[in-house]
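We use all heavy atoms of the structure for the numbers below, so side chains are in, but hydrogens, waters and symmetry mates are not. Each ligand, and each atom within it, is numbered from 1 in the order the structure gives.
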Amino acid sequence: MATLFEKIIARQIPATIVYEDDETLAFRDIHPAAPVHILVVPKKPIENITAASAEDINLLGKCLLVCRTVAEMEGLTDYRVVTNNGAGVGQSVFHLHFHVLGGRSFMWPPG
Ligand code: DGP
């Protein structure tokens, strides 16, 4: 069954899309945890980092550079990039995504 993010990629569910190219999509998180909270996803349906394979190496790098692109588009110089890998650490949508968070200060380590 298609995940929520596959449906957003396919335009079956609306989202506020801020960036798209042939391999990735970036859209605003519906429950923002910061003034800027954007999700960067590969269009390829990879569940998470654990499920990625060696052939995904360029795509994973591309996703990180898209995180930088959207952060720059939002005027951020300092920002956090997070991926939750597995339900035990908070992954709720099983389509790989990178949270780009900014516009406020953050604690380290995260709670
Ligand atoms: P995670 O918990 O790491 O799997 O993050 C999933 C994120 O997806 C969470 O921050 C909320 C966001 N989200 C859930 N449903 C929707 C939706 O329908 N639209 C958008 N734009 N974001 C969603």
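- A salt bridge links K62 with E23: the distance from a Lys NZ or Arg NE/NH1/NH2 to an Asp or Glu carboxylate oxygen falls below 4.0 Å.
- In V82, neither the side chain nor the backbone holds a heavy atom less than 4.0 Å from any atom of ligand 1.
- Using a 4.0 Å cut-off between charged nitrogen and carboxylate oxygen, E55 and K44 count as a salt-bridge pair.
- Nearest non-hydrogen protein atom to atom 18 (O) of ligand 1 is L4 CD2, 3.7 Å.
- In summary, the atoms of ligand 1 found under 4.0 Å from a heavy atom of F27, numbered by their order in the structure, are 21 (N).
- In the displayed structure, L65 atom CG is contacted under 6.0 Å by more than 12 heavy atoms of other residues, nucleotides or ligands.
- At a threshold of 4.5 Å between non-hydrogen side-chain atoms, the residues H97 and V40 do not count as touching.
- Using the six-membered ring where Trp is involved, F5 and F27 have ring planes that are perpendicular, over 60° apart on the 30 and 60° scheme.
- Ligand 1 has no N or O atom lying under 3.5 Å from any N or O atom of H37, backbone or side chain.
- Using a 3.5 Å distance cut-off with no hydrogens or angles, the side chains of T83 and N48 do not pair a donor with an acceptor.
- Between A15 and ligand 1, not a single N/O pair is under 3.5 Å apart.
- Of the N or O atoms in D29, one or more lie within a sub-3.5 Å distance of an N or O in ligand 1.
- Atom CG of residue L25 and atom CD1 of residue I38 lie 11.0 Å apart, to the nearest 0.5 angstrom.
- Closest to atom 5 (O) of ligand 1 among all protein heavy atoms lies H97 NE2, 3.0 Å.
- The shortest N or O to N or O distance between F5 and ligand 1 is not below 3.5 Å.
- One finds a salt bridge joining E20 and R11 here, because a Lys/Arg side-chain nitrogen approaches an Asp/Glu carboxylate oxygen to under 4.0 Å.
- Remark: minimum distance from atom 23 (C) of ligand 1 to any protein heavy atom is reached at I30 CG2, 3.3 Å.
- Proximity of a side-chain donor or acceptor of K43 to a complementary backbone N or O of D21 within less than 3.5 Å is detected.
- Of the protein's non-hydrogen atoms, S92 N, 2.7 Å is the one closest to atom 4 (O) of ligand 1.
- Remark: distances from the non-hydrogen atoms of L39 to ligand 1 include one below 4.0 Å.
- In terms of protein heavy-atom proximity, atom 2 (O) of ligand 1 is closest to G90 O, 2.7 Å.
- Side chain of Q91 to backbone of E47: a donor-acceptor contact under 3.5 angstrom is found.
- Remark: ligand 1 atoms within the under-4.0 Å shell around heavy atoms of Q91 are 4 (O).
- Counting protein heavy atoms only, atom 21 (N) of ligand 1 is closest to R28 O, 2.9 Å.
- Close N/O approach between I13 and ligand 1 is not found [any backbone or side-chain N/O within under 3.5 Å].
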